[in-house]
Amino acid sequence: KEYIPDYKLVKEGKFTNNAKLEAWKLTVSDVQSGIALNQYFYVFKDEGRYFIVTFTVLADEPKTTEKIFDDCMKTFSFKK
C-alpha cells in the first residue's frame with residue numbers, strides 16, 4: 001500500500017476451478033501513473049508452490065471482463 005497509495009482491496013475469497021485446485025481470487029482497484037485500474041489476482045497452490053496469475057484492465061472496462069477472466073482461470077491446471 002505504501003507504493004500504491006490509492007490501492008483498495010475490493011474483494012477476496014476462495015476460487016474454484018474445474019481442476020479443483022486450492023485457489024484464491026483477489027480484486028483490487030488502484031491508480032498507477034495517473035491511470036485508474038482494476039486488477040484481478042488468481043493464486044493457485046500446488047505442492048507447496050504458489051502461482052499467481054494477474055489480469056489488469058482500465059477501471060472503466062465493462063464488468064463482463066471479470067467473467068471472461070474467471071472463465072479462463074477455471075481451466076487453469078498443473079501438468080504433472
Side-chain angles (χ1 to χ4, degrees):
K1 185 160 179 145
E2 294 173 17
Y3 298 106
I4 306 172
D6 293 318
Y7 172 92
K8 178 183 175 194
L9 178 63
V10 176
K11 181 172 43 173
E12 69 178 313
K14 289 199 175 233
F15 181 78
T16 304
N17 76 352
N18 299 342
K20 305 286 190 250
L21 298 172
E22 186 175 358
W24 302 267
K25 177 182 170 187
L26 295 95
T27 304
V28 304
S29 65
D30 57 55
V31 177
Q32 295 183 30
S33 299
I35 300 171
L37 302 172
N38 287 333
Q39 295 184 292
Y40 305 92
F41 298 91
Y42 298 82
V43 182
F44 296 93
K45 183 177 180 183
D46 181 55
E47 297 178 4
R49 297 176 298 167
Y50 291 89
F51 293 82
I52 301 170
V53 180
T54 306
F55 294 95
T56 302
V57 296
L58 296 174
D60 60 359
E61 287 287 321
K63 288 293 181 191
T64 54
T65 305
E66 183 177 2
K67 183 181 177 336
I68 294 168
F69 298 153
D70 283 351
D71 289 346
C72 289
M73 291 297 93
K74 285 182 182 178
T75 66
F76 186 89
S77 64
F78 296 105
K79 291 193 177 191
K80 304 283 180 179

### Task
Any side-chain hydrogen bond (donor to acceptor under 3.5 Å, both in side chains) involving residues 47-59? Give me the pairs, sequence neighbours left out, ordered by first then second residue.
Gln39-Thr56, Asp46-Arg49, Glu47-Lys80

In this structure, would [X] and [Y] fall into the same cluster of hydrophobic residues linked by side-chain contacts under 4.5 Å?
X     : Y     : value
Leu26 : Val57 : no
Leu21 : Val53 : yes
Trp24 : Ile52 : yes

### Query
Does any pair with a residue in residues 53-74 pass ring-ring contact (aromatic ring centres under 6.0 Å, His included), and if so which ones, sequence neighbours excluded?
Tyr40-Phe69, Tyr42-Phe55, Phe55-Phe69

### Task
Write down the atom of Ala19, the atom of Phe76, and the distance for their closest heavy-atom approach.
CB-O, 3.9 Å

### Nearest heavy-atom neighbours spanning Ser29 and Asn38
CB-OD1, 3.6 Å

### Task
Run the numbers on Val28 and Val10 for side chain to side chain contact (heavy atoms under 4.5 Å, CB included), then give the verdict.
CA-CA 5 Å; Val28 304; Val10 176; 5.5 Å; no

### Query
Among pairs that include at least one residue of residues 51-61, which meet salt bridge (Lys or Arg N to Asp or Glu O under 4.0 Å), considering only residues two or more places apart or in two chains?
none

### Message
Does Phe15 form a side chain to side chain contact (heavy atoms under 4.5 Å, CB included) with Val43? I'd like the steps, not just the answer.
### Response
CA-CA 9 Å; Phe15 181 78; Val43 182; over 6 Å; no

### Task
Please lay out, stage by stage, how Lys25 and Thr27 fare under the test side chain to side chain contact (heavy atoms under 4.5 Å, CB included).
CA-CA 7 Å; Lys25 177 182 170 187; Thr27 304; 3.7 Å; yes

### Query
Roughly how far apart are Lys63 NZ and Ile68 CD1, rounded to 0.5 Å?
13.5 Å

### Query
Any idea how Phe78 and Phe51 line up, ring-wise: parallel (<30°), tilted (30 to 60°), or perpendicular (>60°)?
tilted

#### Entry: salt_bridge(Lys74, Asp70) N-O dist < 4.0 Å
no

